[in-house]
Protein chains: 2
Amino acid sequence: MKLKDDRKVELIYQAALKLVARKGLAGITMGDISREAGIATGTLYVYFTGKDELINALFACSRANSVQVAFRGYDPSQPFKPGFRTVWMNILRYKLQHFEEVVFVEQCFHSPYITTETREKARELAAPFFDLIERGQQEQLVKQADTGLLLTFIMGALNELVKQTHYSNETLSKRKIDLTFDLCWDALKA
Amino acid sequence: MKLKDDRKVELIYQAALKLVARKGLAGITMGDISREAGIATGTLYVYFTGKDELINALFACSRANSVQVAFRGYDPSQPFKPGFRTVWMNILRYKLQHFEEVVFVEQCFHSPYITTETREKARELAAPFFDLIERGQQEQLVKQADTGLLLTFIMGALNELVKQTHYSNETLSKRKIDLTFDLCWDALKA
DNA sequence: AAGGTAAGCGAATAATTATTCATTTATGCG
DNA sequence: CGCATAAATGAATAATTATTCGCTTACCTT
């Protein structure tokens, strides 16, 4: 017998992401996805029971990916600020490199495809970020405000920056990146 | 003869906004909109040539509305910080009260409905915000960084805050609002 | 190497949704 | 008041899109 091809799932994901970033979640069809992926429409249904499942799976995958890289190189024994910087940079770099995921996740949040279950699992993934900010608060380096509020503020700013950068299709210079980090840090610092 | 009813356009807009905030741009049909608005599907085509035009018109309208209220009560002869605070508050208040517009505009940005023409007109509306930040820079109160970058940062943070607030369905307390303003101001200030 | 099993295909079908249109209803105008 | 005109209706139609299915192809197992 023939086995499922894991690379094909990846192919499908990439096709869907690309199309959503270009035309929005409202503008993609199963036909579009299969064409972009270079496979037959029917094959999509070998890997997913339908459009809903495809999008839920891609959503879960996208969220997990972005969190996974965030703490790469983070050393808790380091002082807080450079540690925070490492994580912040990881997130920014990831979002810039995976712009399509950023758009896709955003579009999914208010959409009929994502189930509450999928949405809740995504929420849980944010726990390490809360821990990080709380550490900064314990060390009196970060404002004693609602942690969720601070996180929201930073993530919103980052997301918008990435979108704006993509639109203006400049590459974000090191100078601009450092500057934006300063904006974030000045906002957070006690 | 019978005349077109301006309130009906408003009714259609409200219905569409409500549905998009609930189910996303991908999840609304002309049938849904007419049902929610309490009118017949055919009537939609009296007021709009089709779905594309409806959504483009609503997008343009939503953007214009939010800008229109931003400078209410702003007095250029006032010092910069309180003036900036007034505008910032106007924007926050508007976004909180018109959450559905926030979601709608966001979803539209990457969608097959919005024409480049509509998108460009929306961009032009941002000019007064640039002017405001530039004033702060001239007075040495705001960091000498790319103005667009600063604006993007602030607007992204505000948007995310509004979305997060809506999700957690708490009302944003005065304390939290003041706190978030401090985050913004600390980020911007030279 | 051969057989069996599941992937892969894409045209056909089913379901959904945008749009039209014949008809009815409301209202401004003489 | 009654006609003319355009809005309003919603069932019918057209267009689009998700999903299925009979068939072919690839490849794993023995």
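Predicted, not measured: the structure shown is a model, and the values here were computed from it. Letters A, B, ... mirror the listed sequences (proteins, then strands); counts begin at 1.
- Side chains of Glu134(B) and Gln138(B): a donor-acceptor N/O pair is absent below 3.5 angstrom, by distance only.
- The aromatic rings of His166(B) and Phe99(B) lie parallel to each other, with less than 30° between the two planes, well short of the 60° mark.
- A cation-pi contact, defined as under 6.0 Å to the ring centre and within 45° of the axis, links Arg119(B) to Phe109(B).
- A donor-acceptor contact shorter than 3.5 Å is absent between the side chain of Thr118(A) and the backbone of Ile114(A).
- For Lys4(A), no side-chain nitrogen or oxygen approaches OP1 or OP2 of dG8(C) to under 4.0 Å.
- A salt bridge links Asp178(A) with Arg85(A): the distance from a Lys NZ or Arg NE/NH1/NH2 to an Asp or Glu carboxylate oxygen falls below 4.0 Å.
- One interatomic measurement links the two molecules: CG of Asp6(A) to C1' of dA7(C), which rounds to 13 Å at whole-angstrom precision.
- Taking the ring centroids of His110(B) and Tyr167(A), they lie under the 6.0 Å cut-off.
- There is a side-chain donor-acceptor pair under 3.5 Å between Tyr113(A) and Lys51(A).
- Minimum interatomic distance between Lys143(A) and Lys189(A) (heavy atoms only, all atoms of both residues): NZ-O, 3.3 Å.
- Residue Asp5(B) contributes atom CG, which lies 12 Å from atom C1' of dT27(C) at whole-angstrom precision.
- One interatomic measurement links the two molecules: CD1 of Ile12(B) to P of dA18(C), which rounds to 14 Å at whole-angstrom precision.
- Glu160(A) and Lys163(A) are joined by a salt bridge, as a carboxylate oxygen and a charged side-chain nitrogen come within less than 4.0 angstrom of each other.
- Following rounding to the nearest Å, Leu25(A) (CG) and dT17(D) (P) show an atom-to-atom distance of 14 Å.
- For Arg35(A) and Asp32(A), the salt-bridge test passes: some basic side-chain N is under 4.0 Å from an acidic carboxylate O.
- Looking at Lys176(B) and Glu170(B), a side-chain N of the basic residue comes within less than 4.0 Å of a carboxylate O on the acidic one, giving a salt bridge.
- Near DNA chain C, defined here as any heavy-atom distance below 4.0 Å, the residues from residues 26-45 of chain B are Ile28(B), Thr29(B), Met30(B), Gly31(B), Thr41(B), Gly42(B), Tyr45(B), listed numerically.
- Residues from residues 46-58 of chain B placing a heavy atom under 4.0 Å of any atom in DNA chain C, listed by number, are Gly50(B), Lys51(B).
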(request) Between protein and nucleotides 23-30 of chain D, map the contacts as a letter string: B base, S sugar-phosphate only, - none, heavy atoms under 4.0 Å, written 5' to 3'. (result) ---SBB--
